[in-house]
Amino acid sequence: MKRIFEVNPWTITSHDLNPADKRLQESMTSLGNEYMGMRGMFEETYSGDTLQGIYVGGVWFPDKTRVGWWKNGYPLYFGKAINALNYFKAEIKVDSQLVDLAKNDVKDFEISLDMQKGILTRTFTVFGVKFVVKRLISAAMKELATLHYTFEAVDGREHTVSYDAMIDADVMNEDSNYDEKFWQVLDARNEADSSFIATQTIPNDFGVPQFTVVARQSFVGGDKTGQVKQDKEVTDRFTIKVPVKGSVIFEKRVVVTTSRDYTTTAEIVAAGQKLTEQVQKQGYGEIYEAHVQEWAARWEKADVKIMGDDAAQQGIRFNLFQLFSTYYGNDPRLNIGPKGFTGEKYGGATYWDTEAFAIPVYLGVADPKVTRSLLQYRFDQLDGAFHNAKQQGLKGALYPMVTFDGIESHNEWEITFEEIHRNSTIAYAIYNYTNITGDHSWLDGDGAQVLYNIARFWADRVHYSARKDQYMIHGVTGPNEYENNVNNNFYTNWMAKWVLQYALEHYDEINADEKTKLAITPAELTKWQQIVDKMYLPQADVEINGQTKHIFEQHDTFLDKDLTPAAELDPAIRPINQNWSWDRILRSPYIKQSDALHAMFYFPDSFTEEEKRNNYEFYEPLTVHESSLSPSVHSILAADLKMEDKAVEMYERAARLDLDNYNNDTSDGLHITAMTGSWLAIVQGFAGMRVRDGQLHLAPFLPKKWTGYSFRLVFRGHVLEVQVDAKDTDVKLISGEPLTIDLSGEKVQLK
């Protein structure tokens, strides 16, 4: 496997300027601060292939749905995280020669992402001048992004650098349904010390608010030689003299303000000007230190240290860095998009990935209020979930697969209409939060509206089979998206049953006001219990390694397929989603990600070891892991079954999925929500973290390649540090009152 970045515990570094890997490199060197972010594209002219991408959290556009055959219930639009104005664009010349690294004779190229400090540095030499460019998206001041240049002559001659600094509003999304540009310019001005552009999303027919984004640029160093204003672009021009000896500094600082925080365009512009004046009073050292200190505080809480395997160490830190760059819980209006600020693909700000994979991580590394914000986000969008269910002619609440505002905005029929298992994961997140924190207040309050309306949806979506005297769910897509429109997907049915059972168990606990609002009738409760008692869960006997074993059948006809293991596929046709027709994929037995096994990932204690082992040994060999969400689940289940080599193999794939481009799809953006999986694989997998009856359980093992690992864990007002090496496991109480935990079956008191 080709690696385009060198292995280092704290940095992502390459010395190879390879046009074929340019988009891949851009994805991997993305930066963000939850408020905004950008791909690692070059700011100066680059005439080769590139994907320009700058995004602002919560800013989106409803791109009108484009399909060949309209079906009732289709979302009217596909909600997209859209490219915002390019505030780092530049045209740079050295002695009148254009800097274009796609064409120049480039020497000593290096690009390096320092994950510890959150700084992207590029170094290269062209036309006798060495460039060192440092880029940061401030973790200390959300609206601020900076470029810091150092120019140095390396050929013993003086040089003149011409720098045209631009803000460009003439941007587009490559995935626009109708090749439409989504921005209009409200105002653009060159002023004495800075320039700005105010942009607004174009009008739409769907009642979605228009967003206004203003970017203002200011500078330190250089000699200003002029300004230019065009319809969709402003430019400040500078000349920078590079001496024969020594170096010279130049900075560009950008402040971005939006209608998410201010009301009128005038207020947004004024806020940006005020912040710019504040920033201009600070030296670069002050801006840099504030940013670095914020990242240091994050790493202090969440760093996972791996000894003896630098590739594994780099992988987990890269994933945590990109996850925290996307979301850190500072803005409760935001959620975690699957690409974050690293690309356009998938659209949407919110997928079921948040509840399935991200919430368990934030419960372990952050204050519980972060998770409460993510849960509240779903409550705040409950009206949208009601709308989605009504569109399908169903009662209750159906949470969307893709959304910004609660309304479903994904336009593939097999996802929108059929991948309804996502609904149960919203309920699972409520359970997960309540179980791990011990805090029932959200479940008994706003959470009751979410949980019980999801239960109502399932009670209406099932149907009764008189022939079998059981309840069934037909016409669904399970987590395995390589099978559409199947009947009785085990995972979907099992989770629907669990939701109804969980709702019944907690009904007496929710507060009276919530019960009044819900107005659940005794007949409803009786019906829910009937469904729980008679839910059909497909099962079968199969042959595994020459022995007959009992498994849960993935869906009614799965075992009728040609069950040839994935290992027997020709490597030349992998990944199959890039080489086979969709018809062939749907007819195959190959599984994109955990499906029947996913229930065992959520609820390992609800299944016997024999059930977990039989199903794992049957389904994993048929799994091609072409979803970024797949490896971590299989790693955790393998660890639970003491299949340590398999657990480590799957961890390595989860940790380096983007760094090593396993699925040949990282060039269009990182898999942000899947990056949670590497942390889960270590903490829930290798360390065996579970919460049972309010007590923390740990059962660690040490992978053979490693000499040790450690991590910190937030648990019910305590911060613990877990250290595992070849000799033993040491758990320290960093803060909080004395605590008793279960460590590999023994009670241990931490003081």
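Computed from a prediction, not measured in an experiment: that's the story for all the values here. Computation of the quantities below employed the complete heavy-atom set of this structure, encompassing side-chain atoms and omitting hydrogens, waters and symmetry-equivalent molecules.
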Exercise. Which one of Lys252, Lys134, Lys89, Arg135 satisfies the salt bridge (charged side-chain N to carboxylate O under 4.0 Å, His left out) criterion with Glu43?
Worked result: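 When salt bridge (charged side-chain N to carboxylate O under 4.0 Å, His left out) is applied between Glu43 and each of Lys252, Lys134, Lys89, Arg135, only Arg135 qualifies.
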
For this session: Hey, could you give me each pair passing ring-ring contact (aromatic ring centres under 6.0 Å, His included) that has a residue in residues 22-56? Not counting sequence neighbours.
Result: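 Pairs touching residues 22-56 that pass the test: Phe42-Tyr46.
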
Counterpart residues, salt bridge (Lys or Arg N to Asp or Glu O under 4.0 Å), relative to [X] (two or more places apart):
X: Asp164; result: Arg237
X: Asp21; result: Lys2
X: Glu174; result: Arg23
X: Arg333; result: Asp261, Asp331

Exercise. Looking at Lys64, Lys80, Arg66, which one forms a side chain to side chain donor-acceptor pair (under 3.5 Å) with Asn177?
Worked result: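 Option passing the side chain to side chain donor-acceptor pair (under 3.5 Å) with Asn177: Lys80.
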
Exercise. With a 4.0 Å cut-off, would you call Arg122 and Glu44 a salt bridge?
Worked result: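 Looking at Arg122 and Glu44, the cut-off is met.
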
Exercise. What's the verdict on salt bridge (charged side-chain N to carboxylate O under 4.0 Å, His left out) for Arg422 and Glu355, showing C-alpha distance, side-chain angles and the deciding distance?
Worked result: CA-CA 9 Å; Arg422 70 218 185 213; Glu355 284 75 17; over 6 Å; no

Exercise. For Asn83 and Gln52, does a side-chain donor sit closer than 3.5 Å to a side-chain acceptor?
Worked result: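 There is no such pair (donor and acceptor under 3.5 Å, judged by atom type) between the side chains of Asn83 and Gln52.
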
For this session: Please list, chain by chain and in numerical order, all residues satisfying side-chain contact (heavy atoms from CB on, under 4.5 Å) with Ser27, sequence neighbours excluded.
Result: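 Arg39, Thr666, Leu670.
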
Exercise. What do the steps show when you test Arg216 against Ser194 for side chain to side chain donor-acceptor pair (under 3.5 Å), and what is the final call?
Worked result: CA-CA 7 Å; Arg216 180 182 290 269; Ser194 61; 2.9 Å; yes

